[in-house]
Amino acid sequence: MSDVIARAEAWLVDDPDDTTRAELAAVVEAASDGSDDALADLRDRFAGFLEFGTAGLRGKIGAGPNRMNRAVVIRAAAGLARYLTDSLGVQGIEGPARVAIGYDARHGSYDFAVDTAAVMTAAGHEALLLPRTLPTPVLAFATRFLDADAGVMVTASHNPPQDNGYKVYLGGRVVSDEGQGAQIVPPHDAEIASRIADVESVASVERADRGWTVLGEGVIDEYVTQVAALVPEASAGGDTAARRAATRIVLTPLHGVGGETVDRVLRAAGFGDLHTVTEQAEPDPDFPTVDFPNPEEKGAIDLALELARSVGADVVIANDPDADRCAVATLIDGEWTMLHGDVVGSLLGERIAEHRALLRMAPGSQVLANSIVSSQQLGAIASRHGLAHANTLTGFKWIGRTPRLVFGYEEALGYCVAPQLVRDKDGISAALLIADFVAELKASGRTLADAIDDLARAYGVYLTSQVSARYADLAEIPATMARLMAAPPATLAGSAVVATDDMSAGFQGLPRPRGFTLRRSRARA
């Protein structure tokens, strides 16, 4: 007990934030007075530093090294700054790195972004802070558009309201291959983490009180312009303009920061009949109308579906709080139904494969990619249209760096429809392509349900389903994996498992994560 209290007291001295310092002091006092709950809380807060990995940082907001707070973020920024200095130095490049920094509307996001700018500036780097709360795809776009050596986005995406996170992109002169502007992967994550571990204290990290650049609206305007240009221009009075004007769309940003940008992009492309769920239109870090701000969660888009019924919408489009994901709902047999991510991925993949020239795709060898946990229908689509197909590990840190990529997706509602603009999932550009598809279908008296049937006729029926578990204690995840690896299931969905591939030993030429794939015999009808 005395050891964890001593560590907490040392942390208190180094904590730069009045709020988290007061929070931790209260827990220390209660633990010192004999509270078992407070002691357990303290031990959890000091169970090690919040791990920095390929997702950057993500965790519960609060005081202590195992939480998201200013002290942890300042250390992370210092480690990243040192890594950038070292990476450029190895190449013989002198002078500052350029770092683009964005933030959403979650609790603490602005402070974490400013702390990052202050650390980068003091380290001699050029920090470019986005002007206000904006979606993650805008930061990912800015990283490439501004030729930044790194990008930092402060967001916890669709996590619960008590969480926040810190996502890192590399580009510019640090990463010059297909991963330029994509999220970090090994060995970059470990190299950054090692430099974070070298930070002795927050007090030892220099922070400037000025000197960074707050960007104007130009980068956002450029994003809107370039995304809107992904679909053919709606010339005044033409058929394209008329069908887009006749398409009624219900939108919800789920209390996140994507509402304004989605609206701007759609209107720039000629969609004007837009209806946003009023109760969820403005950013709110507490997400008051949903239990969990993820459009995949049951009930999350109920208000949008209710609005769709009342206004007679043609489609419902929902974004998660940082707008990097996109959910789609349509009428199927008279009922509003949210489409599985694999269905939307196949619809977008087919449309992009069919309309490469129309959508201004570069000529030459082109690749459609999806994660190995997603449907393999995209491979059939690629084959039919003379394109290559690639399977990747889960996550856009892998999908986004696929060579010659023209479209990539994962079943968890993530779609990259314009890798030349955003080397990550982008729920805004995906929303535009879906809206354009719906408008075209409606003009010919058809719907997305008909397009889904078209896929089945062309490729056969692909059925996918997801089983997921939410862990309050992240330590349970490796324990669960260890049990599964030691004793893989003998049956899957009622059919015998005929092969188990240990991915850590190598699988389809992919990097070697800890995991396995199961192949089962075909179930008899």
Side-chain angles (χ1 to χ4, degrees), residues 53-56 58 100 102 135-153 155 157-158 165-172 174-189 192 223 226-227 230 319-320 322-326 341-342 344-345 348-349 352 359 361-362 365-374 378-379 382 387-433 508-511 513:
T54 55
R58 191 171 292 187
T136 292
V138 174
L139 182 279
F141 169 82
T143 301
R144 288 170 64 86
F145 179 69
L146 299 172
D147 197 24
D149 299 299
V152 172
M153 182 66 194
T155 180
S157 191
H158 56 281
Y166 196 84
K167 182 184 288 190
V168 176
Y169 300 81
L170 294 176
V174 174
V175 173
S176 56
D177 59 12
E178 290 85 358
Q180 188 171 64
Q183 298 176 51
I184 55 173
V185 295
H188 304 292
D189 58 338
I192 296 169
Y223 172 83
Q226 292 199 30
V227 170
L230 292 173
N319 293 108
D320 68 338
D322 69 327
D324 64 351
R325 298 171 191 249
C326 177
D342 278 321
V344 177
L348 287 170
I352 287 170
L359 297 173
M361 300 292 175
S365 180
Q366 298 164 329
V367 178
L368 307 182
N370 57 271
S371 63
I372 56 172
V373 299
S374 302
L378 192 66
L387 303 177
H389 175 254
N391 281 310
T392 76
L393 294 181
T394 303
F396 267 84
K397 55 186 175 284
W398 299 108
I399 297 169
R401 58 190 356 99
T402 302
R404 304 183 308 281
L405 181 71
V406 293
F407 171 67
Y409 92 93
E410 62 183 3
E411 42 74 40
L413 308 183
Y415 316 99
C416 176
V417 304
Q420 72 277 19
L421 302 181
V422 175
R423 208 80 182 179
D424 196 4
K425 55 185 175 291
D426 182 350
I428 301 170
S429 55
L432 173 63
L433 262 64
Q508 296 185 356
L510 298 172

Exercise for the section: Indicate yes or no for a side-chain donor-acceptor contact from S176 to the backbone of G172 under 3.5 Å, with no hydrogens or angles considered. Expected result: no
Exercise for the section: Give the minimum heavy-atom separation between N319 and R325, together with the two atoms involved. Expected result: ND2-O, 2.9 Å
Practice task
State, with a plain yes or no, whether a side-chain heavy atom of R144 is found less than 4.5 Å away from one of L421.
Solution key: no
Exercise for the section: Output yes when K425 and D320 qualify as a salt bridge under the 4.0 Å nitrogen-oxygen rule, no when they do not. Expected result: no
Problem - Contact summary for G349 and L378, nearest pair of heavy atoms - result: CA-CD1, 3.9 Å
Exercise for the section: Working to the nearest 0.5 Å, report the span between CG of N370 and NE2 of H389. Expected result: 3.5 Å
Handout entry: Among L405, T402, V367, side-chain contact (heavy atoms from CB on, under 4.5 Å) partner for P419
Key = L405
Exercise for the section: Please round to the nearest 0.5 Å and tell me the distance separating atom CZ of R404 and atom CG of L387. Expected result: 11.0 Å
Problem - Minimal non-hydrogen separation, N391 against S371, with atom names - result: OD1-O, 4.3 Å
Practice task
Evaluate the side-chain proximity of V417 to L348: yes if any heavy-atom separation is below 4.5 Å, no if none is.
Solution key: yes
Fill in the blank from the handout: d(Y415 OH, D324 CG) to nearest 0.5 Å is 11.5 Å
Completion exercise
By salt bridge (Lys or Arg N to Asp or Glu O under 4.0 Å), D149 pairs with (sequence neighbours left out) R173
Practice task
Could you tell me which non-hydrogen atom of A323 sits nearest to which non-hydrogen atom of P137, and how far apart they are?
Solution key: O-CG, 3.4 Å
Fill in the blank from the handout: Residues at least two apart in sequence or cross-chain that pass ring-ring contact (aromatic ring centres under 6.0 Å, His included) with F141, listed by chain then number, are F145, Y223
Problem - From F407 atom CZ to C416 atom SG, the distance as rounded to the nearest 0.5 Å - result: 8.5 Å
Problem - Working for side chain to side chain contact (heavy atoms under 4.5 Å, CB included), residues L413 and V344 - result: CA-CA 8 Å; L413 308 183; V344 177; 5.8 Å; no
Practice task
Please determine, by modelled atom types, if D424 and Q183 share a side-chain donor-acceptor pair under 3.5 angstrom.
Solution key: yes
Exercise for the section: Starting from the C-alpha separation in whole Å, work towards a yes-or-no answer on side chain to side chain contact (heavy atoms under 4.5 Å, CB included) for Q420 and L230. Expected result: CA-CA 11 Å; Q420 72 277 19; L230 292 173; 3.7 Å; yes
Completion exercise
Output for pair (T155 OG1, R58 CZ), nearest 0.5 Å, gives 6.5 Å
Problem - T143 to G181 - nearest heavy-atom pair and separation - result: CG2-CA, 4.4 Å
Exercise for the section: Could you tell me which non-hydrogen atom of I184 sits nearest to which non-hydrogen atom of G53, and how far apart they are? Expected result: CD1-O, 3.4 Å
Exercise for the section: Report the C-alpha distance between T394 and E410 in whole Å, list the side-chain angles of each, state the deciding distance to 0.1 Å, and finish with yes or no for side chain to side chain contact (heavy atoms under 4.5 Å, CB included). Expected result: CA-CA 7 Å; T394 303; E410 62 183 3; 4.1 Å; yes
Handout entry: Donor-acceptor contact below 3.5 Å, side chain R423 vs main chain Q180
Key = no
Practice task
Taking the side chain as every heavy atom from C-beta outward, state whether L432 and S429 have any atom pair closer than 4.5 Å.
Solution key: no
Exercise for the section: Verify the distance criterion only: is there a donor paired with an acceptor across the side chains of D322 and T136 at less than 3.5 Å? Expected result: yes
Handout entry: Test log, rule side chain to side chain contact (heavy atoms under 4.5 Å, CB included), inputs R401 and V185
Key = CA-CA 10 Å; R401 58 190 356 99; V185 295; 3.4 Å; yes
Problem - OG1-CD1 distance between T392 and I399, expressed to the nearest 0.5 angstrom - result: 4.0 Å
